[in-house]
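Indexing begins at 1, ligand by ligand and atom by atom, following the structure's order. Owing to the predicted nature of the structure, the values given are computational and were not obtained by experimental measurement.
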Amino acid sequence: MCGIVAYVGPKEAYPILINGLKRLEYRGYDSAGIALLNSSLNVYKAKGKVSDLEDIIKDTDLHGTIGIAHTRWATHGEPNQVNAHPHYSQSKEIALIHNGIIENYASLRKELESRGYVFESSTDTEVLTNLIEDIKINENVDLFEAVRIALNQVIGAYAIVVISRNDPDTLIAARKGSPLVIGIGTDDYYVASDATPIVEYTKNVVYLDDEEVAQIRRNNTLKIKTIRNHEKTPYVQQLELNLSALEKGGFEHFMLKEIYEQPHSIRDSMRGRLHADLGTVSLGGIIDYEQKLITAQRILVVACGTSWHAGLVGEYLIEDLARIPVEVEYASEFRYRNPVIYEHDVVIAISQSGETADTLAAIELAKSKGATILGICNVVGSSIARATHAGSYTHAGPEIGVASTKAFTAQVTLLTLLALRLAQLKGTLSKSRFLQILNELDRIPEKVEETLKTSEVVTRIATQFKDVRNFLYLGRGYNFPVALEGALKLKEISYIHAEGYPAAEMKHGPIALIDEEMPVVFIATNKGTYDKVVSNIQEVKARKGKVIAIVTKGDTIVKGMADYVIEIPETEEMLVPLLATIPLQKLSYHIAVMRGCNVDQPRNLAKSVTVE
Ligand code: M6R
């Protein structure tokens, strides 16, 4: 969603800010803006892309060594130039950028209006800007103090950076519920909503905690307080991010690069955890919680979108291998439906970004009831990783394409390791069966590599079906979540309506949709309910539907029935999702490219959904 970048130091700020905004484009946005402070405080904004902002300001004097910049994903007020950030305060002394939502903005705005403030935009952000100005004037305090006092009146989530034309050496930054990271250079400072705009300048960073305010001054001082006025010592950490991970590396799109990274990202998720030589699995991050997990009467999984699909695979794995009951919940539903949560429940929160607002709220709810919370996150140091009692990182590397690909397979890999570890501890698998699965998991990266070679047939299918209006994805058992994920991938990047169903549910409704126009993707690999799925394929063929089937290499039965087949290597049933997902990602990608869609930044979508 919205993105923040700010700079203070001896260098020209504009190139750093505009480059930073481009790095943040992957988060999804609809307008962009920048404020530069030289002899005056100038704000420039544009609806649309960062390149639109560049066009607007190309003939302007953009000199200045301190500035703030923002990409906005509209929440309050339509996406237009007026509502874009930064927002000036009424006197134009202050400019502010903001990620998050100020929930009590309406009452604050009313109060400020009664004191003569006039608002130009419909945003909650402009309200906060004027509140800070009002406090600064009436309480006669400096900007740091005015921001601190103002934030005590705010209900909601925020990451903000503020500058004042009367203090040209200072940035004030603060966060609650929305991430903010401060980069410490040799003689300068960077602030951003995630590390991507910072990594090319410095690896030394401080992550602000909730309700912390930072005063960042040009003369190399960084002061942090809580909004309750307690001083904090900045804790400097090293970024593990590499710049090359943020570049396309010769691929046309980040999504394609990330699809092709999967043999490596899956291996990275297993590194140091799967010991094929010793025949063991260890998950260091949750080692202290293993007893809790194996004695839990149930495990709850909370997640959204693709991460929820991974959670569903996790449910099948943990129940199948370790015989512990698992319930998988949409975090957005869980948080509002008064769920029954016991103190001895273990909740696993899954999130690529680690910033998803609904998942964070579900965690807080479960925590308040005394449950143990474990996290499976990709982004190191993210809010969810920090809010959980313990957890394991997926180590898939930065995922820039909005459509999640390598994060999904890394999550499933980690859940497979977890299920195996729990099975080992509980003794629910024989030693030989345990080793069989473990050794096969170890071979999965090579099999993913092989699966990635199925390009010719995938592009043929994409060419054939790129103009259809609907798609159906069907699978059973472990392949049901794969069907859901395949459908989500297609709809989010190609805008073709697609639905995923358990194949047997087809008879209970979706079968009515099937005619000669309808492509139906079956995940029909050779284990589990294969015979049943074959019957489902027959039912579709009988109604003249077009069948695209993902089959195990060497399959002859489905091959004889389907219009198109994509072969994947033979593997254990519970590991099929790691392979079958790959051609579905590629199919979505090629269809979207052929339709001329913006694959990496699909319309209306954001990479991390930091508002509910
Ligand atoms: O960062 P998270 O994994 O918590 O994000 C959850 C969903 O927003 C995300 O998976 C979304 O569905 C993706 N666009 C899927 O490709």
Side-chain angles (χ1 to χ4, degrees), residues 1 26-28 73 177-179 193-194 196 253-256 258-259 262 265 269 301-314 328-335 347-363 373 375-388 391-412 414-415 473 481-482 484-495 498 500 581-582 584-589 592 597-612:
M1 293 200 139
Y26 79 96
R27 294 168 72 101
W73 191 89
S178 212
S193 42
D194 67 50
T196 52
H253 296 98
F254 280 110
M255 182 181 174
L256 193 62
E258 287 155 9
I259 290 173
Q262 288 175 109
S265 51
S269 314
V301 175
V302 291
C304 303
T306 287
S307 298
W308 185 85
H309 297 156
L312 219 49
V313 181
V328 187
E329 301 263 2
Y330 284 115
S332 53
E333 284 300 306
F334 182 76
R335 62 183 291 195
V347 175
I348 301 180
I350 307 177
S351 174
Q352 186 287 129
S353 62
E355 302 297 343
T356 303
D358 284 321
T359 310
L360 258 175
I363 290 171
I373 323 289
I376 293 182
C377 294
N378 193 37
V379 177
V380 176
S382 55
S383 302
I384 291 176
R386 289 139 67 94
T388 47
S392 292
Y393 285 115
T394 44
H395 295 308
E399 194 179 63
I400 308 292
V402 164
S404 196
T405 52
K406 63 175 179 171
F408 174 77
T409 46
Q411 289 164 343
V412 172
L414 204 55
L415 288 159
Y473 286 72
V482 177
L484 293 177
E485 178 58 10
L488 176 65
K489 224 68 318 164
L490 184 70
K491 73 184 118 186
E492 64 182 343
I493 62 167
S494 75
Y495 318 139
T581 309
I582 311 285
L584 300 184
Q585 296 169 345
K586 286 178 72 179
L587 180 63
S588 305
Y589 171 80
C597 300
N598 185 342
V599 173
D600 284 335
Q601 292 161 39
R603 68 183 181 206
N604 306 335
L605 286 177
K607 183 65 185 163
S608 47
V609 183
T610 50
V611 295
E612 62 170 293

Review point. Side-chain contact, heavy-atom cut-off 4.5 Å: Ile400 with Asp600?
Key: no

Note: heavy atom closest to atom 6 (C) of ligand 1, options Ala349, Ser353, Gly305, Cys304, belongs to Cys304

Within 4.0 Å of some non-hydrogen atom of Val402, the atoms of ligand 1 are 13 (C), 14 (N), 16 (O)

Within-cut-off N or O pair, Lys607 and ligand 1, under 3.5 Å = no

Between Thr306 and ligand 1, does any nitrogen or oxygen pair lie at a separation below 3.5 Å?
-> yes

For this session: Please step through side-chain hydrogen bond (donor to acceptor under 3.5 Å, both in side chains) for the pair Thr306 and Lys489, ending with a clear verdict.
Result: CA-CA 9 Å; Thr306 287; Lys489 224 68 318 164; 3.1 Å; yes

Note: Lys489, heavy atoms under 4.0 Å from ligand 1, region reported as side chain

Ranked by distance from atom 8 (O) of ligand 1, the top protein heavy atom is Val609 CG2, 3.9 Å

If the plane angle is over 60° it's perpendicular, under 30° parallel, otherwise tilted; pick one for Tyr330 and Trp308.
parallel

Polar proximity ligand 1 side, Glu492 side, N/O cut 3.5 Å exclusive
yes

Report yes or no: does Lys607 contribute a side-chain atom to a donor-acceptor pair with the main-chain N or O of Gly401 at less than 3.5 Å?
yes

Counting from 1 in the order shown, the ligand 1 atoms closer than 4.0 Å to a non-hydrogen atom of Ser307 are 2 (P), 3 (O), 10 (O)

**Asked** Step by step, would you call Gln262 with Thr405 a side-chain hydrogen bond (donor to acceptor under 3.5 Å, both in side chains)?
**Response** CA-CA 8 Å; Gln262 288 175 109; Thr405 52; 5.2 Å; no

Looking at ligand 1, does Leu605 have a heavy atom less than 4.0 Å from it?
no

Residue set satisfying side-chain hydrogen bond (donor to acceptor under 3.5 Å, both in side chains) with Arg386, at least two apart, ordered chain then number -> Asp209

CG (Leu488) and CG (Leu584) are apart, to the nearest 0.5 Å, by 11.5 Å

Ligand 1 to Ala403, heavy atom cutoff 4.0 Å, flagged ligand atoms 16 (O)

Quick one, Val313 and Leu415 - any side-chain contact, counting heavy atoms below 4.5 Å? no

In this structure, atom 5 (O) of ligand 1 is nearest to the protein heavy atom Thr356 OG1, 3.4 Å

